Amino acid sequence: MKLHPRHAWDVSPAEAVALQKRLAGEVVADRPIDLRTVRLVAGVDVSVKQNRSHAAIVVSTYPDFRVVETVTAERPTPFPYIPGLLSFREGPVLEEALEQLRSGPDVFLFDGMGTAHPRRIGIACHMGLWLERPTIGCGKTRLVGRNDPLPEEKGAHVPLVDRGETIGAVVRTRTGTHPLFVSPGHLADIPSAVALVLACTPKFRLPEPIRQAHKAAGAFG
DNA sequence: GCGACAG
DNA sequence: ATCTTGTCGC
């Protein structure tokens with residue numbers, strides 16, 4: 001599908017931070033997603049094997065999760081893992097995979113943060129600018145922010161707060177398991193991001209689209 | 001200076 | 001993330 005790149009990926013860590021500070025102002029993270037209009041949901045994931053990065057995007061129907069399209073891409077891993085700069089490591093291979101999409105997903109679920117990021121521009125926000133479509137960040141562990149105790153029951157969620165700002169939510173997608181860190185990417189907001197993630201998690205801890213993408217990217221775990 | 005730190 | 005077997009718990 002058509003992408004809208006804002007800059008080249010071949011930059012230094014210092015330049016990457018400068019780019020994030022500029023791009024953060026373009027992210028729209030206060031717009032509800034109308035779940036009644038969602039028909040197709042994409043799961044996005046990247047796995048790294050030696051020096052190669054493998055990306056997979058799996059598009060499924062919503063809310064029954066029948067796979068309708070899978071695209072993959074493979075490239076040399078271009079950037080080290082630096083907390084806060086994940087986009088610059090996974091962005092290039094994701095760009096190559098996203099270009100191949102022919103179905104038009106209504107929303108994209110990313111394995112990583114959205115606004116729950118030091119500069120409020122995690123990978124879901126960043127790629128959301130490339131896509132100009134709704135995106136949601138769904139991380140398995142915390143990058144930044146603090147939260148009050150979370151009830152053990154599936155569906156429970158509490159605000160994730162950083163420097164006095166609510167940047168996302170900690171969500172229990174399954175009773176008695178570690179929670180997910182959910183935040184809006186681009187063209188989404190916190191309540192609808194939480195609602196969609198829960199609606200995409202009928203059985204396991206991770207949303208169905210992300211599980212599918214994780215498999216297609218060739219990861220184990 | 002010290003601790004924290006998505007994937 | 002990845003390297004890796006069996007094992008504890010719902």
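Throughout, protein chains are lettered first and strands after them, A, B, ... in sequence-line order, and every chain is numbered starting at 1. Computed from heavy atoms alone, side chains included, the values below leave out hydrogens, waters and symmetry copies. From a predicted model like this one, the values you see are computed outputs, not experimental measurements.
- Checked for salt-bridge contact, A:K215 and A:D45 miss the test: no charged N lies under 4.0 Å from a carboxylate O.
- A:H178 NE2: 12 or fewer foreign heavy atoms inside a 6.0 Å radius.
- In DNA chain C, no stem built from three or more successive Watson-Crick or G-U pairs (distances below 3.5 Å) is found.
- Taking the six-membered ring for Trp and the full ring otherwise, the centers of A:F110 and A:H126 sit at least 6.0 Å from each other.
- Of all the residues in residues 21-32 of chain A, not one reaches under 4.0 Å from DNA chain B with any non-hydrogen atom.
- Chaining together hydrophobic side chains whose heavy atoms lie under 4.5 Å apart places A:L187 alongside A:V28.
- The existence of a salt bridge linking A:E153 and A:R172 is excluded, since no basic side-chain nitrogen approaches an acidic carboxylate oxygen closer than 4.0 Å.
- Neither OP1 nor OP2 of C:dA1 sits under 4.0 Å from any side-chain N or O of A:H54.
- The environment of A:R52 atom CZ is dense: over 12 non-hydrogen atoms of other residues, nucleotides or ligands sit within 6.0 angstrom.
- Rounded to a whole Å, the NE2 atom of A:H178 is 15 Å from the P atom of C:dG9.
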Return a table of donor-acceptor pairs under 3.5 angstrom between the side chains of residues 9-20 of chain A and protein atoms on other chains or two or more places apart.
from	atom 1	to	atom 2	distance (Å)
A:W9	NE1	A:E95	OE2	2.8
A:S12	OG	A:E15	N	3.1
A:S12	OG	A:E15	OE1	3.3
A:E15	OE1	A:S12	N	2.8
A:Q20	OE1	A:R119	NE	2.7
A:Q20	OE1	A:R119	NH2	2.8
A:Q20	NE2	A:G84	O	2.9

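- Between the CD atom in A:E132 and the NZ atom in A:K2 there is a gap of 8.0 Å [rounded to 0.5 Å].
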Show me, pair by pair, the donor-acceptor contacts under 3.5 angstrom made by side chains of residues 98-106 of chain A, not counting sequence neighbours?
from	atom 1	to	atom 2	distance (Å)
A:Q100	NE2	A:T72	O	3.1
A:Q100	NE2	A:E96	O	3.2
A:S103	OG	A:E69	OE1	2.5
A:D106	OD2	A:R39	N	2.8
A:D106	OD2	A:L40	N	2.8

> Just by protein heavy atoms under 4.0 Å, how would nucleotides 1-7 of chain B read 5' to 3' in B, S and -?
Replying inline: ----BBB

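- Clustering ILVMFWY residues whenever any of their side-chain heavy atoms sit less than 4.5 angstrom apart, transitively, puts A:I57 in a cluster other than the one holding A:F65.
- Following rounding to the nearest Å, A:K203 (NZ) and C:dC10 (C1') show an atom-to-atom distance of 12 Å.
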